[in-house]
Amino acid sequence: MTVVPKRWWWVRHAPVAGADGRLYGQLDVPCETGDGDAFRALAAGLPREAAWFVSPLRRTQQTLAAIGALRASPVPTAHIEPAFAEQHFGRWQGRSWPEMQAADPALYEAFWRNPTRTAPPGGESFLAQMRRTERAITRLSATIAETDLVCIAHAGTIRSAVALALNLTPETALALVIDNLSITRLEFVADGLLHSHGGSWRVRTVNQPGRGLADWSSARPAC
């Protein structure tokens with residue numbers, strides 16, 4: 001029997017308006033949706049039939065709205081998944097790195113000794129974000145009926161998804177570059193590839209520019 005994988009389509013939200021090198025984390029800031037070429041490519045290349053997910057943050061929902069406005073068929077109502085929010089940077093949110101250092105020099109130094117496993121003051125570590133993201137992906141892979149899942153999310157969330165697929169450490173996962181409006185494609189096979197247990201993952205693409213999605217989508221093999 002042919003096993004149809006769960007196909008995860010991860011899209012990083014559009015750029016934060018006036019980001020200027022600041023760390024926004026879970027601050028609910030707006031994004032810029034003026035890149036028409038990228039949004040048209042995403043609208044044409046993302047699957048027509050899918051379950052759609054966004055984080056609770058406005059920038060993912062604005063990105064979804066911009067994609068939906070250019071699609072031939074309406075986007076179904078998206079599920080808001082709290083576990084797909086960006087890493088919480090506590091009282092460092094909204095600050096630049098020099099401002100963080102000036103405000104909390106001792107904590108800033110301690111953070112950089114182990115930046116993936118140390119939580120910013122009042123926030124969470126990248127490892128903690130990885131774990132909550134992984135739990136949600138595992139749950140949704142098992143419970144969502146649709147074959148395709150489109151998730152508009154954040155750089156840290158998408159790094160966490162790739163880390164789950166490739167069994168990466170937090171240190172290795174943090175080295176992944178995830179650009180705004182890029183696509184990361186992962187597939188989960190429930191019965192396991194090569195007779196593994198508990199299912200297995202395949203990585204199709206990481207950080208592909210959104211503008212190239214339509215060409216790739218039309219050329220991909222049927223599955």
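Both backbone and side-chain heavy atoms feed into the values below; hydrogens, waters and symmetry mates do not.
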Would you say Ile80 ends up clustered with Ile67 if hydrophobic residues are merged whenever their side chains have heavy atoms under 4.5 Å apart, either directly or through other cluster members? yes
Minimum-distance pair of heavy atoms, taken over all atoms of Ala155 and Glu86: N-OE2, 3.6 Å
Which pairs, with at least one residue in residues 168-183 and sequence neighbours excluded, count as a salt bridge (charged side-chain N to carboxylate O under 4.0 Å, His left out)? Arg117-Glu171
Least distance between heavy atoms, Phe89 atom then Gly25 atom: CD1-CA, 3.7 Å
Non-hydrogen side-chain atoms of Glu124 and Gln129 separated by less than 4.5 Å: yes
pair Asp104-Pro121: side-chain heavy atoms closer than 4.5 Å: yes
Is it true that a side-chain atom of Lys6 and a backbone atom of Leu186 form a donor plus acceptor pair closer than 3.5 Å? no
When you look at Arg22 and Glu99, which way does the salt bridge (charged side-chain N to carboxylate O under 4.0 Å, His left out) test go after all the steps? CA-CA 9 Å; Arg22 295 183 180 275; Glu99 288 171 345; 2.5 Å; yes
Have a look at Val54 and tell me which of Val150, Val11, Leu64 forms a side-chain contact (heavy atoms from CB on, under 4.5 Å) with it. Leu64
Are side-chain heavy atoms of Arg202 and Pro5 found at a separation under 4.5 Å? yes
Could you tell me whether the side chain of Phe84 reaches within less than 4.5 Å of the side chain of Cys151, counting heavy atoms only? yes
Any link between Leu164 and Leu168 through a network of hydrophobic side chains (Ile, Leu, Val, Met, Phe, Trp, Tyr) touching at under 4.5 Å? yes
Sequence neighbours excluded, which residues qualify as side-chain hydrogen bond (donor to acceptor under 3.5 Å, both in side chains) partners of Trp97? none
Do Phe188 and Ile144 sit in the same hydrophobic cluster, where Ile, Leu, Val, Met, Phe, Trp and Tyr count as joined when their side-chain heavy atoms come under 4.5 Å apart? yes
Any side-chain donor-acceptor pair under 3.5 Å between His154 and Thr60? no
Looking only at heavy atoms, which two atoms of Glu81 and Pro56 are closest? And how far apart? O-CD, 3.6 Å
Nearest heavy atoms of Pro47 and Trp52, plus distance in Å: O-CZ2, 4.2 Å
When rounded to the nearest 0.5 Å, the distance separating CG of Asn207 from CD1 of Ile158 is 8.5 Å
Distance alone, cut at 3.5 Å: any donor-acceptor contact between the side chains of Thr157 and Ser160? no
With rounding to the nearest 0.5 angstrom, report the CG to CD distance, Leu23 to Gln93. 7.5 Å
Do the side chains of Arg48 and Asp148 get close enough for a salt bridge, i.e. N-O under 4.0 angstrom? no
Any Lys/Arg nitrogen of Glu32 or Arg59 sitting under 4.0 Å from an Asp/Glu carboxylate oxygen of the other? no
Ionic contact status for Glu134 with Arg132, cut-off 4.0 Å: no
Rounded to the nearest 0.5 Å, what separates atom CG in Leu149 from atom CZ in Arg7? 10.0 Å
Can you find a pair of side-chain heavy atoms, one from Trp201 and one from Leu166, that are under 4.5 Å apart? no
Determine the interplanar angle of the Trp8 and Trp10 rings, folded into 0 to 90°, and report it as parallel if under 30°, tilted if 30 to 60°, perpendicular if over 60°. parallel
Should Val206 and Phe126 be counted in the same cluster of Ile, Leu, Val, Met, Phe, Trp and Tyr side chains packed under 4.5 Å apart? no
Can you tell me how far OG of Ser96 sits from CE of Met100, rounded to the nearest 0.5 angstrom? 6.5 Å
So, taking the atom named OG1 in Thr116 and the one named CE in Met130, what distance separates them when rounded to the nearest 0.5 Å? 8.5 Å
Ile183 vs Leu42, side chain to side chain contact (heavy atoms under 4.5 Å, CB included): CA-CA, chis, key distance, verdict: CA-CA 9 Å; Ile183 291 286; Leu42 289 167; 3.5 Å; yes
Which pair of heavy atoms, one from Val203 and one from Ala165, lies closest together, and at what distance? CG2-CB, 4.1 Å
Closest non-hydrogen atoms of Ala163 and Ala173, given as atom of the first, atom of the second and distance, are CB-CB, 3.8 Å
Answer yes or no: is there a side-chain heavy-atom contact under 4.5 Å between Pro120 and Arg91? no
Mind checking whether Leu181 and Thr63 have side chains closer than 4.5 Å, heavy atoms only? yes
Please round to the nearest 0.5 Å and tell me the distance separating atom CZ of Phe53 and atom NE2 of His79. 4.5 Å
Would a single hydrophobic cluster contain both Ile178 and Ile137, if residues Ile, Leu, Val, Met, Phe, Trp and Tyr are joined by side-chain heavy-atom contacts under 4.5 Å? yes
Can Thr184 and Leu176 be said to form a side chain to side chain contact (heavy atoms under 4.5 Å, CB included), step by step? CA-CA 11 Å; Thr184 294; Leu176 294 168; over 6 Å; no
Check this for me, if you would: do Arg204 and Glu187 make a salt bridge, where the nitrogen-to-carboxylate-oxygen distance has to be below 4.0 angstrom? yes
Can you tell me if Gln26 and Gln87 form a side-chain donor-acceptor pair at under 3.5 Å? no
Looking at side-chain heavy atoms only, is the closest gap between Gln208 and Ser182 below 4.5 Å? no
Any chance you could lay out the side chain to side chain contact (heavy atoms under 4.5 Å, CB included) test for Val189 and Ser200, step after step, and finish with the verdict? CA-CA 5 Å; Val189 184; Ser200 60; 4.1 Å; yes
